[in-house]
Participant: 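Handing you a structure now.
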There are 2 protein chains.
Amino acid sequence: MQHQKLATIEDVAALAGVSIATVSRAINEPTKVADETRRKVTEAIARTGYTTNAMARSLRMRRSNMILILAPDVGDPNFSNILVGLETEASKRGYGVLIGNTQNDASRETDYLRFISSNQADGLILFTGHLPYGFGQDGTEGRLPPMVAVNEPVPNADVPFVGVDNFEGARIATEHLISQGHRRIAFVGRSHGREVNRLREEGYRKALAGAGIAIDPRMIIDGDGTTESGRAAAELMFVRDVLPTAFFCVNDATALGVIISLNARHYDLPRQFSIMGFDDISFSSFVTPSLTTMKQPRHRIGEAAMELLLELLAGEKPHEQQVLLRAELIVRNSVSRVG
Amino acid sequence: MQHQKLATIEDVAALAGVSIATVSRAINEPTKVADETRRKVTEAIARTGYTTNAMARSLRMRRSNMILILAPDVGDPNFSNILVGLETEASKRGYGVLIGNTQNDASRETDYLRFISSNQADGLILFTGHLPYGFGQDGTEGRLPPMVAVNEPVPNADVPFVGVDNFEGARIATEHLISQGHRRIAFVGRSHGREVNRLREEGYRKALAGAGIAIDPRMIIDGDGTTESGRAAAELMFVRDVLPTAFFCVNDATALGVIISLNARHYDLPRQFSIMGFDDISFSSFVTPSLTTMKQPRHRIGEAAMELLLELLAGEKPHEQQVLLRAELIVRNSVSRVG
DNA sequence: TGCCTCTATGTAAACCTTTACATCATTCAT
DNA sequence: ATGAATGATGTAAAGGTTTACATAGAGGCA
């Protein structure tokens, strides 16, 4: 059942009539061997079907050419699209990507660290928004492996970050609503813990301030970014009976909750209420009404993050400590002109 | 920047005052060392912060405890949910998962084989529906590494398969439509190349036959499983003017296309037409009308596939050459009673 | 010619484990 | 008391690379 024994560099060397050092050089530093020798080696490689044993190489070179990606939920669509970018860029540079699904479980996070500490991975991409449990708790911050955070920045640690410009995106989104004549705009999804939510709320505030619209605290509703929280938020507003003309939701999932709630109350959307999301996840174009939202450049986020990490791995100073990519306004049918 | 030198087994041995062999045994076969010795070793490990170098171990043991997952599209939501199951099961058994995004590109497939041939991965999970380009073309079939196919079986090769029971699922779906009084039921998504489509069509035929309903060839429309193909199929039926009362679509993406087309024609769904999907992808509950469909047990598919692969890796004969899991009928709002 | 430089190649160490085999002490049965 | 069996530990080889250093030959220059 197990593979038969594979050809080693010695087999190639014997067949080509040279030493193993020469074979290694012919592969890794071709200019350093004579043309004729290189030819013989190449042929011997072809004849034997030799491939370098990655384990031996990694052992010797002390690097595995692997990147560990730690994410709280691998099934999350927002994650998987970024993964494509990460993988593309990594594979282009000869790196492989390893997936760790942490489910926000401390023991799983710790467990995955063995990939780093056992030299099985050279660097780390973090989607979790915090250092893996077990790192940096004691005075070990100095020994952090090369890593970059994606989506959620890591607070209180010197970790380069790549993500969408939440502040700017939220500002643009809100300005779009304002440009359609809205002045009573609710923000759904205020949260103290979540940096992303906080930034988007800031962008919302900035846009209102810029248009000279006073902020009505009753228009700012808590929410944790789930569909359910969006539904609850909308219901709450009806209970309180302070109604906006438009809802700016912290993300599309929340927006979906708001839409569900409004549809259930048989409002005619977007005529009676406008809804704006953020993220542009896949279903956003399929809801009724289809959702106007800010699209995250997920593929590019992945690429940029991997680029940054590979710079770090190459020993360079990262060209940026923080890469913020612009979200793009996608106009669909959930926002209407008013007033 | 690079990690400082890590503690090796020699450091631990020195500190504990034993030989490296004893340290290795204390770690891997604890029963074989004296209690007192084991205690000393454990303490030395703690003091040095030692972790086994996975590369050295893999080199020596000729196995990496890594599984390579090859998928045509890592961003596909259907994939990412199965990935969760794969990862969970693998990690439970001490394996890591490596992701390869092939994009159906032959050169990328070949490229990823180096992970197998260089001992960087012990086994392979295939979502591609065919052997990676470069395998099994010449007479090398005998040397295939341990692998199992998921979702799409691999034709003409002896590869264990795990997936949903498409035939049975399609039969149940169709029977559900029949139970609601439908007798003119279209099948959208006939395809010669795709095994999945073929099996679902078979299930459809079987259900109709079972109910004594004659098959009308005009009710069977080609489609490749995309939303666009669903839209086109519906349009075609209106052009031909042979209309069903229900559409059974080969998958949810196709069903979405049909719904879009019918909504655009301002039909009242599901009163005027019923639509049935297959897969239960995330947006299916959000479309209007929300889609009645067959839910794939994605998490369990992933787990079962990994289980099977690990059996193979352990040198056991797989307990099944094919694992078919049942799809579950999810009743939502896109199917109505008729007649 | 003699010496130096340069280029091409070879030798051997190092990377860090696991494990077959050897060694030694102890226990137990005779 | 002797020998065998058992149990704990040590020694050293093997796994397949990369690479510092050594060597050898060729060519250039005085």
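Per chain, numbering begins at 1; letters A, B, ... match sequence-line order. The figures that follow rest on heavy atoms only: side chains count, while hydrogens, waters and symmetry mates do not.
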Participant: If you take any heavy atom closer than 4.0 Å to DNA chain D, which residues from residues 18-29 of chain B end up in contact?
Facilitator: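 Those residues are B:Val18, B:Ser19, B:Ala21, B:Thr22, B:Arg25.
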
Participant: Nearest whole angstrom, please: distance from the C1' of D:dT11 to the CD1 of B:Ile9.
Facilitator: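 Taking CD1 of B:Ile9 and C1' of D:dT11, I get 14 Å after rounding.
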
Participant: State whether the side chain of B:Ser58 and the backbone N or O of B:Arg63 hold a donor-acceptor pair below 3.5 Å, judged by distance alone.
Facilitator: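 The answer is yes, because a donor-acceptor pair under 3.5 Å joins these two groups.
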
Participant: Return the residues of residues 49-59 of chain A meeting this criterion: a heavy atom under 4.0 Å from some atom of DNA chain C. Order them by number, or give none.
Facilitator: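 Under 4.0 Å from DNA chain C: A:Leu59.
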
Participant: With salt bridge (Lys or Arg N to Asp or Glu O under 4.0 Å) as the rule and sequence neighbours excluded, what pairs involving residues 20-31 of chain B come up?
Facilitator: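 Counting only pairs at least two positions apart or across chains, the salt bridge (Lys or Arg N to Asp or Glu O under 4.0 Å) contacts touching residues 20-31 of chain B are B:Glu29-B:Lys32.
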
Participant: Test: salt bridge (Lys or Arg N to Asp or Glu O under 4.0 Å). Region: residues 77-91 of chain B. Which pairs qualify, not counting sequence neighbours?
Facilitator: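 For residues 77-91 of chain B: A:Arg108-B:Glu87, B:Glu89-B:Lys92, B:Glu89-B:Arg93.
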
Participant: Round to the nearest Å and state the distance from B:Arg63 atom CZ to D:dG15 atom C1'.
Facilitator: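 The distance from CZ of B:Arg63 to C1' of D:dG15 comes to 15 Å, rounded to the nearest Å.
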
Participant: May I have the distance from A:Met61 (atom CE) to C:dA14 (atom C1'), rounded to whole angstrom?
Facilitator: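 In whole Å, C:dA14 C1' and A:Met61 CE are 13 Å from each other.
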
Participant: Give a yes or no on whether A:Arg114 atom CZ has more than 12 heavy-atom contacts from other residues, nucleotides or ligands under 6.0 Å away.
Facilitator: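 More than 12 heavy atoms, drawn from other residues, nucleotides or ligands, come within 6.0 Å of this atom.
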
Participant: Rounded at 0.5 Å granularity, tell me how far CG in A:Leu144 sits from CG in A:Leu124.
Facilitator: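 It is 9.5 Å, given to the nearest 0.5 Å.
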
Participant: For B:Glu10, check side-chain contact (heavy atoms from CB on, under 4.5 Å) against everything at least two apart and list the hits.
Facilitator: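 Partners of B:Glu10 under the side-chain contact (heavy atoms from CB on, under 4.5 Å) test: B:Thr8, B:Ile20.
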
Participant: Name all residues meeting the side-chain contact (heavy atoms from CB on, under 4.5 Å) criterion together with A:Thr128; count only those two or more places apart in sequence or in a different chain, and write none if there are none.
Facilitator: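 Result, side-chain contact (heavy atoms from CB on, under 4.5 Å) vs A:Thr128: A:Pro72, A:Thr102, A:Glu109, A:Leu126, A:His130.
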
Participant: Test your reading of the model: is there a side-chain donor-acceptor pair from A:Thr51 to the backbone of B:Ser117, 3.5 Å cut-off?
Facilitator: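 Yes: the side chain of A:Thr51 pairs with the backbone of B:Ser117.
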
Participant: For the helix from C:dT1-D:dA30 to C:dT30-D:dA1, what angle separates the axis at the start from the axis at the finish, each from five pairs, in steps of 10°?
Facilitator: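 The helix from C:dT1-D:dA30 to C:dT30-D:dA1 shows an end-to-end axis angle of 50°.
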
Participant: List in chain and number order the residues that pass side-chain contact (heavy atoms from CB on, under 4.5 Å) with A:Ala34, two or more places apart in sequence or in another chain; answer none if no residue qualifies.
Facilitator: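 Applying side-chain contact (heavy atoms from CB on, under 4.5 Å) to A:Ala34 gives A:Thr37.
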
Participant: Among residues 31-45 of chain A, which contact DNA chain D at a heavy-atom distance under 4.0 Å?
Facilitator: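 Contacts with DNA chain D under 4.0 Å: none.
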
Participant: Given atom CG of A:Asn119 and atom P of C:dC15, what is their separation to the nearest angstrom?
Facilitator: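 So the CG-P distance, A:Asn119 to C:dC15, works out to 13 Å.
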
Participant: Pairs under 3.5 angstrom only: tabulate donor-acceptor contacts from the side chains of residues 40-47 of chain B to other protein residues two or more places apart or in another chain.
Facilitator:
unit_1, atom_1, unit_2, atom_2, d
B:Thr42, OG1, B:Arg38, O, 2.6
B:Glu43, OE2, B:Arg47, NH1, 3.2

Participant: Check the phosphate of C:dC16 against A:Arg62, side-chain N and O only, distance under 4.0 Å to OP1 or OP2. Yes or no?
Facilitator: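 For A:Arg62, the contact criterion (side-chain N or O under 4.0 Å from OP1 or OP2 of C:dC16) is met.
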
Participant: Which pairs count as ring-ring contact (aromatic ring centres under 6.0 Å, His included) when at least one residue sits in residues 50-109 of chain B, sequence neighbours excluded?
Facilitator: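 Residue pairs passing ring-ring contact (aromatic ring centres under 6.0 Å, His included), neighbours aside: B:Phe79-B:Phe127.
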
Participant: In this structure, how many angstroms lie between the C1' atom of C:dC15 and the CG atom of B:Leu6, rounded?
Facilitator: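 In whole Å, C:dC15 C1' and B:Leu6 CG are 12 Å from each other.
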
Participant: Taking atom types as modelled, find out whether A:Arg62 and A:Asn119 have a side-chain donor-acceptor pair closer than 3.5 angstrom.
Facilitator: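 No donor-acceptor contact under 3.5 Å links the two side chains.
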
Participant: List in chain and number order the residues that pass side-chain contact (heavy atoms from CB on, under 4.5 Å) with A:Asp165, two or more places apart in sequence or in another chain; answer none if no residue qualifies.
Facilitator: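 Testing A:Asp165 for side-chain contact (heavy atoms from CB on, under 4.5 Å), a comparison that skips the adjacent residues, returns A:Phe167, A:Glu168, A:Leu324.
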
Participant: Nearest whole angstrom, please: distance from the P of D:dT17 to the CZ of A:Arg60.
Facilitator: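 Rounded to whole Å, this separation is 13 Å.
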
